[in-house]
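Everything on this sheet refers to the single structure shown next.
Here the structure is a predicted model, which means the values were calculated and not measured.
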Amino acid sequence: MFQEYDVIVVGAGHAGSEAAVAAANLGSKVLLVTMNMETIAKMSCNPAMGGVAKGQIVREIDALGGYSGIVTDHTMIQFRMLNLSKGPAMWSPRAQSDRMKFSWKWRLMLEAHPNIDFWQEMVVGILAKDGRAYGVKTSLGLEIKAKKVILTNGTFLNGIIHIGEKALGGGRASEKASKGITEQLVNLGFESGRMKTGTPPRVDGRTLDYDRMTIQLGDENPAKFSYTDTPKLVNQTPCYITYTSAEVHDTLREGFERSPMFAGRIQGVGPRYCPSIEDKVERFSGRDRHQLFVEPEGAETHEVYVNGFSSSLPEDVQFKALRQIAGFENAKMFRPGYAIEYDYFPPTQLKLTLETRLIKNLYFAGQINGTTGYEEAAAQGLMAGYNAHLAIQEEAPFILKRSEAYIGVLIDDLITKGTDEPYRMFTSRAEYRILLRQDNADLRLTPKADALGVMNMDERMKKVREKEQAIVEIGNFLKETSVAPVDIASYLESLNSAPLTQKMKIHKVLLRPHVQVSGLRQNLPELDKMLSQFHPEAVDSAEIAIKYKGYIQKEQEMVDKINRLERVRLPEELDYLEVNSLSAEAREKLQKIRPENIGQASRISGVSPADISVLLVLMGR
């Protein structure tokens, strides 16, 4: 029934979908295996893409030729650029998505790809011999062969759903768990663990009183995620904000005795930055309210997602507490929230390519590596897909440095530091975040994807070159054009900025705190006319390059220094246990993680600067 594929991807969530696209876009013949064709790229939790740092990741995926940004643009119902009151390194795009349309659009795009085949069935194990994977085995006993296998199992590996005192086997609501893979991998020598995540109840929007809540509108001029010509969002759907109360908290406490979390029935570690409502009530007992975001599941459905109210309490307690929230007095619940426990494999068992160290040709991506979030999963899938194809072709791996992308930070953190709780990306995790902005992901990464040979990059590269030229032209205009004091006197006064005493180049005026190109345009018709011919993002990038030039140069100098360490490779066969001049902890950590270069070694917890000096001497440096 089956040919031998180049790549088999197990699981069609966000990681699996991007992995399939990545390998296929480089020319591999891919088989995407999923237990349910109806749930491809399903948004299992909140119906949104992006957010702080996550939005940067989606733009990076798009710049590298992935589909997440394109699908989001086609199916979003609201767009907001977060953190605009802060510096540009913090600006983060976020979109509210139509859950059903998002999954459907992903499926259509995958089915349209000539290099992707599909098979609907459970995979119960991998085919492996002599330390190499060569395919998968299904629940029907079928053996399907491939040169590379990518596991993207999400929360399905031995998944257990918890609602109060009830425990149900499943990888998602109404979907069965995946059995067999964990047990086989453990027998092969892999270390595994348990993690936990959760989701809130869904309610009927027709039963909510939105007048008692605070409306949250999208941006007046919504931007996009993709750098391609995707549709512009026209009609936006509002979200709302409300709060819990002391009364709500008291009701929730009534169910604590039946809580699987407090009773010890949940063994997995939950996400630190997205705790359940009962966890928040317990940990922050001094607070009498918590913020909730009331998010529509789509433009045409009445189903509403109660963001911030994730819970595994009994359904009757959830319902009673919900009805005590402002605006929810008459709420009807579509389904209760629940917690889910699942298996994961500590990512220190992987190479930077996301190939496992124990079994050649086998790759892990997504929540199987201990991450949380669609965006983090999709990024791993993309990189695993690219590297699986490159390994087949015996070409150099594609590894992004921490200074090149948030994706590089994500993967380096996982492989070098590991994680014992669901990992979530933040801008604070990136040392070089002024270089890794959401506005320049295309300039940073699209040329790399083009060099890899990713399909259909010609038009993208044309846009990149046009944007680069626009930034240069805008910068030159701002440096060469002067402004008279009278022209911007009122604007500067409104900012409490000292008036000009003589003509000054625009770029020098722009260096003043709070002065922005948008404000100058309103007072300088010549500037407005010149900038109107360019894309707003090119204008933003040119402004950032001028206002933050000193910071950008400083970070680039830091990058150049650390890159010298990144270029010093460490032999894969090096036995660190025999290097007696290393500290005992360093020998143990280095032997386990086996860093690929000195830079990566320097980021391992327990490896001191003195240990790095020893390694440099050992490498003849």
Side-chain angles (χ1 to χ4, degrees), residues 5 7-25 28-49 58 61-62 65-76 95 97-123 136 138-139 144 146 149-157 159 170-178 181 199 225-226 230 297-298 301 303 340 342 363-368 371 373-382 384-385 388:
Y5 286 90
V7 178
I8 292 177
V9 179
V10 180
H14 298 261
S17 296
E18 286 289 7
V21 165
N25 275 344
S28 280
K29 190 64 179 175
V30 178
L31 179 68
L32 182 57
V33 186
T34 174
M35 290 194 290
N36 189 349
M37 290 283 290
E38 304 302 318
T39 57
I40 288 175
K42 182 176 180 179
M43 293 178 136
S44 306
C45 201
N46 64 318
M49 289 291 284
V58 177
I61 291 169
D62 184 78
Y67 285 3
S68 289
I70 295 172
V71 172
T72 302
D73 286 354
H74 276 274
T75 60
M76 63 182 173
S97 299
D98 187 305
R99 184 190 301 275
M100 291 181 287
K101 290 180 180 178
F102 185 93
S103 180
W104 183 243
K105 180 64 178 178
W106 250 115
R107 175 169 176 169
L108 293 180
M109 292 190 73
L110 288 168
E111 287 188 0
H113 204 298
N115 288 340
I116 300 177
D117 290 343
F118 302 84
W119 185 250
Q120 178 174 293
E121 197 189 342
M122 182 189 295
V123 168
V136 299
T138 74
S139 57
I144 312 173
V149 176
I150 303 175
L151 296 184
T152 68
N153 302 84
T155 60
F156 282 78
L157 293 179
R172 196 160 44 201
S174 304
E175 296 182 51
K176 61 185 177 182
S178 175
I181 292 177
T199 192
F225 277 98
S226 181
T230 50
E297 297 268 2
T301 180
E303 188 173 0
I340 181 166
Y342 56 93
Y363 297 73
F364 292 171
Q367 284 175 287
I368 191 173
T371 60
Y374 311 139
E375 302 83 359
E376 291 91 340
Q380 294 170 70
L382 185 84

Could you check whether any side-chain N or O of Thr34 sits under 3.5 Å from a backbone N or O of Gln120, counting only pairs where one atom can act as donor and the other as acceptor? no

For a quick test of reading the model, state the closest non-hydrogen atom pair linking Gly16 to Leu32 and the distance between them. O-CD1, 4.0 Å

So do the side chains of Asp98 and Glu297 get within less than 4.5 Å of each other, counting heavy atoms only? no

Atom of Thr199, atom of Ser44 and distance for their closest heavy-atom approach: OG1-O, 4.1 Å

What's the spacing between Ile340 CD1 and Thr155 OG1 if we round to 0.5 Å? 4.0 Å

Could you check whether any side-chain heavy atom of Trp106 comes within less than 4.5 Å of a side-chain heavy atom of Val21, counting everything from C-beta outward? yes

Any residue meeting salt bridge (Lys or Arg N to Asp or Glu O under 4.0 Å) with Asp117, in chain and number order, not counting sequence neighbours: Lys29

Nearest heavy-atom contact between Ser17 and Ala41 is OG-CB, 3.9 Å

Worked verdict on Leu110 versus Phe118 for side-chain contact (heavy atoms from CB on, under 4.5 Å): CA-CA 9 Å; Leu110 288 168; Phe118 302 84; 3.8 Å; yes

Residue pair Glu375 / Ala48: nearest heavy atoms and the distance that separates them: OE2-O, 4.1 Å

For Lys101 and Met76, run side-chain contact (heavy atoms from CB on, under 4.5 Å): C-alpha distance rounded to whole Å, both residues' side-chain angles, the deciding distance at 0.1 Å, then the answer. CA-CA 9 Å; Lys101 290 180 180 178; Met76 63 182 173; over 6 Å; no

Within the 4.5 Å heavy-atom criterion, are Tyr5 and Val136 side-chain neighbours or not? no

Val71 and Phe102: side-chain contact (heavy atoms from CB on, under 4.5 Å), yes or no, with the steps? CA-CA 6 Å; Val71 172; Phe102 185 93; 3.6 Å; yes

In short, Ile144 meets Thr138 closest at the heavy-atom pair CD1-CG2, 4.1 Å

Please report the interatomic distance OG(Ser97) to CG(Asn46), rounded to the nearest 0.5 Å. 9.0 Å

Interatomic spacing from CG in Asp62 to CD1 in Ile70 - rounded to 0.5 Å: 5.5 Å

Rounded to the nearest 0.5 Å, what separates atom NE2 in His74 from atom CG in Leu108? 11.0 Å

Check for a donor-acceptor pair, side chain of Thr39 on one end and backbone N or O of Asn36 on the other, with a separation under 3.5 Å. yes

Quick one, Leu31 and Val9 - any side-chain contact, counting heavy atoms below 4.5 Å? no

Only pairs at least two apart or in different chains count here, so list each salt bridge (charged side-chain N to carboxylate O under 4.0 Å, His left out) that has a residue in residues 30-46. Glu38-Arg107, Lys42-Glu175

Quick one: does any side-chain atom of Ser226 pair with a main-chain N or O of Gly69 as donor and acceptor, under 3.5 Å? no

Hey, does Asp73 have a side-chain heavy atom less than 4.5 Å from the side chain of Phe225? yes

Which pair of non-hydrogen atoms, one from Asn153 and one from Leu157, has the smallest distance, and what is that distance? CB-CG, 3.6 Å

Given Val30 and Asn115, is the side-chain contact (heavy atoms from CB on, under 4.5 Å) satisfied, shown in steps? CA-CA 6 Å; Val30 178; Asn115 288 340; 5.6 Å; no

So, does Glu121 use its side chain to make a donor-acceptor pair with the main chain of Ser139 at under 3.5 Å? yes

Do side-chain atoms of Glu18 reach the backbone of Ser68 as a donor and acceptor pair under 3.5 angstrom? yes

With a 4.5 Å cut-off on side-chain heavy atoms, are Glu111 and Met37 touching? yes

